[in-house]
Each structure stands twice: as structure tokens, then as C-alpha cells.
Amino acid sequence: MAHSAENRSAGGSVQWEELLPAAFKRRLAACPIVYVPLGLCEPHGQIAAFGLDTIKAVWLCEEAARRTGGIVAPTVGYQIHETGYHARWLEDVVGEVNPHMTAMPPEVMLRFFLYQLRAFANAGFKGIVAVTGHGGGNQFDYRLVAERFARRTGLQVFVASDPELTGGQYEGDHAGRYEISQLLYIRPELVDMEAAPLASVPGAGGRLALGDDYADATPALGKRIMETCAEGLCAAAAKMLDAIKSESVNTAAASAASAGAAEAPPIGYAIMEEIWAELLSSSADWRTTQPDAGQQAVGNRSRWKALERRT
Ligand SMILES: [Zn+2]
């Protein structure tokens, strides 16, 4: 039957890559918001999967799209790491072993993010919600990109790390009670507490950034955390949708007397390059290009020394 795939897609999926055009257009018309999950692979101890940050960002975006409307963009499984404040952190919690990460330089990721925003605008979205499962500072740089893009294009862009969505109820951590609980709730099969002793087995990689209080993690806490994050995300998306709707009412009224509401022409590369040039000229202010204020310098012999400063 020709319409069975369409029905499955329309009824089940909120993922852009799984939608057929008719279902995409319906979802877009009902709620022109796109969610983009930003994660990466990095160690979360011997006990948890590398993609924890990615997996929780996807989960939150899908929940928000199901509850509030909108479409989830393809996941970004690479992110800024190694540079700036990350360098000393890696020296401290990973040491001189291979952490098996999908790390990218800030100037690559932020430029890519800028062009992602362009792609979303050109695909017809009016609002963009980016959720990063990797926090600690990166989100500030993504917001610099988002703010400049929003100013130039009039789109709404919201960027948050998952702990920021909890309104101060949870602080977030790295592979500790907070994060391991999150994974225990959403993907319990990706946590193996019995693997913890590998940390002391030669050649296994050591502690690999495991948090001190990981053993206090529970699925019940994970559920509370993820629900709180999801509620915060849905509230942000609902607020954005209201703003988009009231804006489109005004735009429609203004253009009613003229030729009608034609689709805006696609954004080209030139305006993106202007925004990028402005961003790059202030790269000394990015959080990911230098150590945090007061952060101890990386040891001269550390493998993490070379990328500590990018400016
Ligand atoms: Zn994490």
C-alpha cells in the first residue's frame, strides 16, 4: 500500500530523517520549530557508554517534539573538546591515556553550527532549539553564534545544556550521580556498574573521568532529572512558539493588502560569512579558546598542553 509508510511516519516519528514530505510539512505548519541535539563521544568512566551526552540530548529533543510539536534535526555527535578549559580538565580526570573522543576544534564546530542554523531557516523553520548534552562552557559559545544569527535573520534561537533546563534544581556533573542516573533511566543497558574495577586494570584506560559519586546514581533519580529537563525544554519551546505565532499574525496583517505572504528567499552564504567574520574577530572571548579564569595551567609534558590556548 502506497500510504502505509506515510502513515507510520506521520503517526510515529518526530525525526526529520524519518519523515516523508507531507508529514514534514504538516508538522512544520503546526509548529515551525526544529530541535538539534548536540552531543559527542567522550569517556564516562569504565561503566557507561561514550555517547551519554549525545543520547540524553536526543532523548530530550524527541520528548519536546512529541509534547510541544516540531521536528528533530539529525544529531550532531561531534563537539568542541580538548581546547581551552577542557585541556586541564582532561589532564586531571583522564590523564595521559587515549580517551577515545569525537572532539573538534571550536572554529570548526561553531562555523558548522552557524551553517546548520542557515539550513534550518532555509528549510522553513522559524524557531531553533539546540540542546547540548555536553555542557561546562561550550553552550556559551554556541549562544554567541545563535545571538548573531538571530539578530541578522529574525529567527528565534535557543541554546541550553541539559542542567540549564532544570532552572537550578540540578547542577549537572560529569559521569557522576547526575549523569549516570540519566543514562540509567533512558538507556539502562548502556551502564555496567560491574565494570568499575577495570579502572585499576593496567592498559584498560584508568578511571576515564568517572565522577566520585557515580555509585549513588539511580534510575529513579534519572527519571526526575530527565523529566525536569524535558519540562524546562517544553516550556522554552512553547514560549518560542507563542512568539512565532504572534509575529506571524503581525506579518500577515502587514502583507494582507499587498501580494500576499510569499516564502522568504533562501539565505545565501554571503550573510553567513559576514556573521562568521564578526564572530572570528572576537574569538579571544570564546569560552572554548582559553582556560577558565583562575584555572590551573596544563603541565608542560601533558598530551593536553598543545591545545590549551587557541588564540
Ligand atoms: Zn557527559
Side-chain angles (χ1 to χ4, degrees), residues 38-57 76-113 132-145 159 161-164 171-180 183 195-214 279-280 282-311:
L38 308 174
L40 88 158
C41 288
E42 68 167 337
H44 288 82
Q46 300 281 356
I47 62 160
F50 282 103
L52 198 165
D53 296 6
T54 308
I55 292 161
K56 65 179 169 174
V76 182
Y78 302 78
Q79 194 156 161
I80 305 165
H81 212 312
E82 311 165 301
T83 64
Y85 65 88
H86 291 105
R88 176 69 208 199
W89 182 81
L90 283 161
E91 185 186 19
D92 286 341
V93 304
V94 171
E96 306 305 312
V97 300
N98 188 341
H100 310 302
M101 303 191 296
T102 56
M104 302 292 281
E107 66 275 15
V108 172
M109 278 326 290
L110 297 177
R111 188 172 159 90
F112 182 72
F113 183 61
T132 174
H134 180 70
N138 284 14
Q139 68 270 28
F140 294 96
D141 289 353
Y142 283 99
R143 283 200 274 266
L144 292 177
V145 178
V159 180
S161 67
D162 55 285
E164 289 175 335
E171 252 193 32
D173 64 17
H174 184 83
R177 180 172 178 261
Y178 174 90
E179 272 203 325
I180 301 301
L183 196 58
L198 284 173
S200 54
V201 173
R207 194 171 172 88
L208 289 173
L210 187 65
D212 289 335
D213 56 358
Y214 80 91
L279 283 161
L280 207 53
S282 61
S283 65
D285 299 331
W286 298 356
R287 288 284 287 269
T288 52
T289 51
Q290 62 214 301
D292 282 342
Q295 197 175 20
Q296 201 183 340
V298 176
N300 283 328
R301 285 198 299 275
S302 172
R303 66 189 286 156
W304 307 112
K305 186 66 180 172
L307 299 179
E308 187 180 23
R309 289 182 187 276
R310 293 291 292 160
T311 53

Inset, instruction - Over 60° means perpendicular and under 30° means parallel, so classify the ring planes of His86 and His81, tilted if in between. - result: tilted
Do [X] and [Y] have side chains that get closer than 4.5 Å, going by heavy atoms?
X	Y	result
Thr289	Asp141	no
Leu280	Trp286	yes
Glu179	Asp53	yes
Leu38	His134	no
Leu110	Leu279	no
Gln79	Glu42	no

Main-chain N/O of [Y] paired to [X] side chain as donor or acceptor, under 3.5 Å:
X	Y	result
Thr54	Gly77	no
Glu308	Ala306	no
Thr288	Gly84	no

Legend entry - Pair Glu96-Ser302, side-chain donor/acceptor within less than 3.5 Å: yes
Inset, instruction - Have a look at Pro43 and tell me which of His174, Arg207, Met101 forms a side-chain contact (heavy atoms from CB on, under 4.5 Å) with it. - result: Met101
Legend entry - Verdict with supporting geometry, Leu183 and Lys56, side-chain contact (heavy atoms from CB on, under 4.5 Å): CA-CA 7 Å; Leu183 196 58; Lys56 65 179 169 174; over 6 Å; no
Atom pair [atom1]/[atom2] of [X] and [Y] - distance to nearest 0.5 Å:
X	Y	atom1	atom2	answer
Thr132	Asn138	OG1	CG	6.0 Å
Tyr178	Asp162	OH	CG	3.5 Å
Glu171	Glu164	CD	CD	12.0 Å

Inset, instruction - Kindly write out the residues that satisfy side chain to side chain contact (heavy atoms under 4.5 Å, CB included) with Asp292, not counting sequence neighbours, or none if the list is empty. - result: Tyr85, Arg287, Gln295
Legend entry - Leu307: partners by side chain to side chain contact (heavy atoms under 4.5 Å, CB included), with sequence neighbours left out: Glu82, Thr83, Arg310
Legend entry - Asp213 vs Asp173, side-chain contact (heavy atoms from CB on, under 4.5 Å): CA-CA, chis, key distance, verdict: CA-CA 10 Å; Asp213 56 358; Asp173 64 17; 4.1 Å; yes
Legend entry - Residues forming a ring pair (Phe, Tyr, Trp, His ring centres under 6.0 Å) with Tyr142, sequence neighbours excluded: Phe113
Inset, instruction - Mind running side-chain contact (heavy atoms from CB on, under 4.5 Å) on Leu208 and Leu198 for me, showing each step along the way? - result: CA-CA 10 Å; Leu208 289 173; Leu198 284 173; over 6 Å; no
Legend entry - Residue Tyr78 excluded, over 12 heavy atoms near OH under 6.0 Å: no
Inset, instruction - Report, as yes or no, whether the 6.0 Å neighbourhood of atom CZ on Arg177 holds more than 12 heavy atoms from other residues, nucleotides or ligands. - result: no
Legend entry - Nearest atoms (heavy-atom pairs only) where Ile180 meets Ala48: CD1-CB, 3.7 Å
Inset, instruction - Show your reasoning for whether side-chain contact (heavy atoms from CB on, under 4.5 Å) applies to Arg309 and Val298. - result: CA-CA 10 Å; Arg309 289 182 187 276; Val298 176; over 6 Å; no
